[in-house]
Amino acid sequence: MAVRADDLPVPRGRPRLAGRVREWLDHESILGPVFVTPALLLLVLLVAYPFVMALYFSMSNAFIGRPSRWVGLHNFIALWDSDVFRQTFQNAFVFTSIAVAFKVVLGIILALLLNEQLWFKRMIRGAVLLPWVIPTALSTLGWWWMFNSLYSVVNWTGIALGIVDPPGPNWLGQRYYAMSAVIAVNVWRGLPFFAITILAGLVAIPKELYEAAEADGAGANARFWHVTLPLLRPVLAVVVLFSTIFTFGDFNIVYILTHGGPINATHLFATLSRQVGIDTGRIGEGAAISLYLFPLLVFVVWAQLRFVRKQVY
Amino acid sequence: MEPISRRRFLTTTAGGGLAGILATRVPPARGQQREISYLCWNNFAPASDKKLAEIGQRFTKDTGIKLKIDHVSHMGPQQQKYASEVQTQAGHDLVEMRMHFPWLYEPQLVDVSDVVGELEKKHGKAIGSAYEGAHVNGAWRAVPQYHAMFVATYREDLFKKASLKVPDTWEDLYTVGKELKKMGNPVGIPISQNYDSISTAGPVLWSFGGMEVDKDGKTVRINSPATVQTIEWYKKMFRDCMEPEVLSWSDASNNESIQQGKAGWIHNPVSAYIVAKQRKLVTADGINHHRSLGGPHGRHETDTPRHIAIWKFSKNVEPAKEWIRYLLGTREVYDEYIMSGDAFNLPVYEKLQDHPVLRTDPKYAALRGEGVQYHTYGWPAPPSDKVQLITNTYLLPNMIAKAVTGTSPKDAIAWAETEMKKILAG
């Protein structure tokens, strides 16, 4: 028996609503915001709110558990009077510039090696990532043990091989050694990120370019300087950008190895911020320390992204 | 009488009950949360933590109040916990605090003068260092729990072997320290950013007659001849009796150094010996203690009282007080707790000072501390949040570290003076 349209049951409230919702979602102007909202909410809750709170704290005389008042830029200006802060400012630039430079050079070398035809290539590539995968706090404890004056396996090995005189370098108690130690651990930890990202860039370089260069008589050196490096520039710029930001903001390595010592010689913004904001309760000043480089880092991000865009388009 | 339907009865009673609860703001007894949480530090004498858990279980059995004890590493992380709990107004009901911390968190702590009053009636007055740390602006903001004092810990076996005389003053220590370093067993006094560094620098400075801030709590007195003497003493100690490693030490490093057979003399509470004994280390038998060292201005020592505080945001203030009374107010329970700490936890009330725990090992004789004046950090300035900021910024050890690594004593002292003045003016 044929069914006429008039015989069909009239859709009641719920199906009518569902239909209307479906209709709305067909509009891009509605569907787009619906998809974006959860991510936006997460960003607001986890990034924007803490950031705005930090900004507020940095412009107040907040002390843990006590009422605070607005002091404007006073904290930022007063910090320059602090000898410890000036030392920290210098440390941060020394630490970041040396560590990033080492990571770039060693990262390129490691990526070039990993790009060669090696036995157990996949296993080696996986193993290289280990320092980056292990929780930093845990791996840095291992380094702390290796640099510890009482148990230092580094010194013990050096003494046993006759390379150093007993008792060996005071890795964490002498300012230059301590800075070298924290830089070494930062390079060790950050190297896989550089190597693997640069490797991805290397793999993407068309083989034909190398063949053409080779046909023109270019040796290995010339091929590296005139083919590999120019084509790696956008990748390098992004890696250096990220690494600069992460290295400036490093906390775990310094906190575990030296606590900022000896005599504040290895304090970075994050460790000094913790000491001032948490240990002494002055969270206003602590927040100002942690935000001090924010304008500079924003500029670095802008400049490097601009550079990347120029390279790509 | 009109019969009441079941539905009407339930609606009326539930509505009335709810209105009552809302009006009085007190939940019915059956629904009241009888559970408290207590944040402690890992005790340097680990057996003490086990005993605390055992006493906690008995407390729950006797009172019906559930007790959840959490432990946090002794230095550093606990400050993060305090800060986050205060900022979020949520967390534990009770917290263990060391030395002067009640001064830093005063506005957030419940006035526990009533509990301390009861305890003082039973056990006598709280000792001076506990009063300095927890009695804030006229009210007890934490209840004194126990204290651990610094003493001289040394390798008696090495001293006997080399016929060295046990030192009586800081100058004597220099004399024997030179010999110890030659023997490969240097003196181990940290000069780094940790509390043990302050715990030694304070007594040396006080013994030479110096201070950081005057009794008025406002005048910086670090720039004095006594500080110069202190720095000169540290310089020669660093050069002739110690190794540069002390610049990198944490609070645990001096303990480890003497336990592992390296250091010949350290300045520390008895925890180094207790742990060596418990772990059956070969050095345990050779370790002993002697009375704190003196100087031209007397024999001063650092005391580290511990207290229990209750956060104001706690919804369980009365049950929390009940736990404190249970742990510290009953003599038998308090004794049991003290004994478990193997003389690291010493009673903090006057009538209990000659405690049996001191007779459990002849090596604890030095803990009687005859002729020693005990203080908390910052003495003789009255404890205040600003004086404690000077402590927590490690100005004293950093001043000494600067001087022993090449900065002139004059410049190092001037640096410390400037930083201290800035804190007091802030």
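A note on names: the letters A, B, ... follow the listed sequences, proteins ahead of strands, and every chain is numbered from 1. Since the model is a prediction, treat every value here as computed from it, not as a measurement.
- Considering only heavy-atom pairs separated by less than 4.5 Å from chain B, the leading option among A:D81, A:L257, A:V276 is A:D81.
- Contact of the B:Q193 side chain with the A:H267 side chain is registered, since non-hydrogen atoms from C-beta on lie closer than 4.5 Å.
- Taking a 6.0 Å sphere around CZ of B:F313, one finds it holds more than 12 heavy atoms contributed by other residues, nucleotides or ligands.
- When each of B:Y105, B:W415, B:W249, B:Y82 is checked for heavy-atom pairs under 4.5 Å with chain A, B:W415 comes out on top.
- The contact list for residues 168-188 of chain A toward chain B, using heavy atoms and a distance under 4.5 Å, reads A:N170, A:L172, A:G173 by residue number.
- Residue-level contacts of residues 281-294 of chain A with chain B, in order of numbering, are A:R282, A:I283; threshold 4.5 Å between heavy atoms.
- Within residues 56-70 of chain A, the residues that have a heavy atom under 4.5 Å from a heavy atom of chain B are A:F57, A:F63, A:I64, A:G65, A:R66, listed by number.
- Between B:K262 and B:R155, the closest side-chain pair of non-hydrogen atoms is not below 4.5 Å.
- When heavy atoms are compared at a cutoff of 4.5 Å, A:H74 does not approach chain B at all.
- Looking only at side-chain heavy atoms (C-beta outward), A:L130 and A:P192 stay at 4.5 Å or farther from each other.
- For residues 133-153 of chain A, the interface with chain B (any heavy-atom pair closer than 4.5 Å) comprises A:S149, A:L150, A:Y151, sorted by residue number.
- Salt bridge B:K402/A:D83: present, at least one basic N to carboxylate O contact under 4.0 Å.
- Contact between B:I258 and B:A272 at its shortest, heavy atoms only, is CG2-CB, 4.0 Å.
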